[in-house]
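What's counted below: heavy atoms across the whole structure, side chains too, no hydrogens, waters or symmetry copies.
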Amino acid sequence: MSASETDPGAGTGPGPAGATDDVEPADREVEPESSDGRAGGSEARPETARPGTAGGSVDRSPARTSAGVAVAFAAVAALWLPTIGGRALGLVGAALVGFGAVRGGRQAVTAGAVALVAGVAAAGLAGAAVVPLVGATLCALLAWDAGRYGITVGEQLGRGASTTRLELAHVTATAAVGTAAAALGSVTYLAVDATTDGVAVVVLLVGVGLLVSALR
């Protein structure tokens with residue numbers, strides 16, 4: 001009897017011939033580990049922030065500087081009106097301008113400016129002097145322009161952006177053009193030498209038209 005027939009463990013011992021059961025095939029692919037220690041070989045994908053979520057959502061409220069300028073000009077325009085009826089309309093207009101400039105309502109800003117100009121007209125019909133009328137008109141239109149500009153800046157750049165210098169530059173340029181138009185209206189009034197309230201109101205409305213054209 002041969003050794004292979006009497007020794008059933010022959011060929012299956014710990015020797016090289018019997019080690020084939022515990023060795024993995026040579027052609028088996030070993031998945032590499034990623035840099036963070038996870039198996040699978042897939043690279044970790046960086047998380048991308050969603051638009052508008054990085055650092056919190058962007059505040060599109062009106063810019064603070066322009067809103068403050070609009071409120072200030074509207075208040076000056078209302079208080080500059082010398083008559084009770086004109087000032088009452090002016091205060092309503094100032095409130096509307098302030099609400100729209102702070103809350104971002106263009107229609108409210110425009111309605112407030114219209115109310116301010118209506119107060120100017122009422123004061124003119126009551127016989128007010130031309131200087132406060134022209135000054136109030138100029139302030140009303142500057143308030144209208146600053147309020148709408150602040151809304152636009154907030155929508156495009158966000159309230160958190162540093163836009164103070166940009167806003168002040170816009171207000172300064174607009175005030176310079178508006179002052180020149182107001183001066184032209186006053187000189188025209190003096191040249192006409194108006195003695196009736198109706199002529200004064202007509203000249204005032206012409207100055208308003210020049211101011212609106214210049215501001216646009």
**OP:** Measure across Trp144 and Ala113 and return the closest heavy-atom pair with its distance rounded to 0.1 Å.
**Re:** CB-CB, 3.6 Å
Original post:
Which heavy atom in Leu133 sits nearest to a heavy atom in Ala129, and how many Å separate them?
Top reply: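 The answer is CG-O, 3.1 Å.
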Original post:
When Ile, Leu, Val, Met, Phe, Trp and Tyr are grouped by side-chain heavy atoms lying under 4.5 Å apart, directly or through other members, which residues fall in the same group as Val97?
Top reply: Leu116
**OP:** Report the hydrophobic cluster partners of Val114, with the cluster defined as I, L, V, M, F, W, Y residues connected by side-chain heavy atoms closer than 4.5 angstrom, directly or transitively.
**Re:** none
Subject >> Test ring-ring contact (aromatic ring centres under 6.0 Å, His included) applied to Tyr149 - qualifying residues, sequence neighbours left out >> reply: His170
Original post:
Can you name the residues that form a side-chain contact (heavy atoms from CB on, under 4.5 Å) with Arg106, not counting sequence neighbours?
Top reply: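 Here the qualifying residues are Arg148, Ile151, Thr152, Glu155.
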Subject >> Sequence-distant partners of Ser61, side-chain contact (heavy atoms from CB on, under 4.5 Å), two or more places apart >> reply: Asp59, Arg159
Original post:
Can you hop from Leu96 to Val117 via hydrophobic side chains spaced under 4.5 Å?
Top reply: no
Show the atom names and distances, to 0.1 Å, of all donor-acceptor pairs under 3.5 Å that link a side chain in residues 76-93 to residues at least two apart or in another chain.
{"unit_1": "Thr83", "atom_1": "OG1", "unit_2": "Gly86", "atom_2": "N", "d": "3.2"}
{"unit_1": "Arg87", "atom_1": "NE", "unit_2": "Leu81", "atom_2": "O", "d": "3.0"}
{"unit_1": "Arg87", "atom_1": "NH2", "unit_2": "Leu79", "atom_2": "O", "d": "3.1"}
{"unit_1": "Arg87", "atom_1": "NH2", "unit_2": "Leu81", "atom_2": "O", "d": "2.9"}

Original post:
Just wondering, are more than 12 heavy atoms of other shown residues or ligands nearer than 6.0 Å to CZ in Arg60?
Top reply: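 Yes, CZ of Arg60 has more than 12 neighbouring heavy atoms, counting only those of other groups under 6.0 Å.
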Original post:
Within a strict 4.5 Å, meaning less than it, do heavy atoms of the Val171 and Leu142 side chains meet?
Top reply: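 SC-SC contact between Val171 and Leu142 ruled out.
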**OP:** Would you mind reporting whether Thr65 and Leu168 have side-chain heavy atoms less than 4.5 Å apart?
**Re:**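 Yes; the side chains approach each other to less than 4.5 Å.
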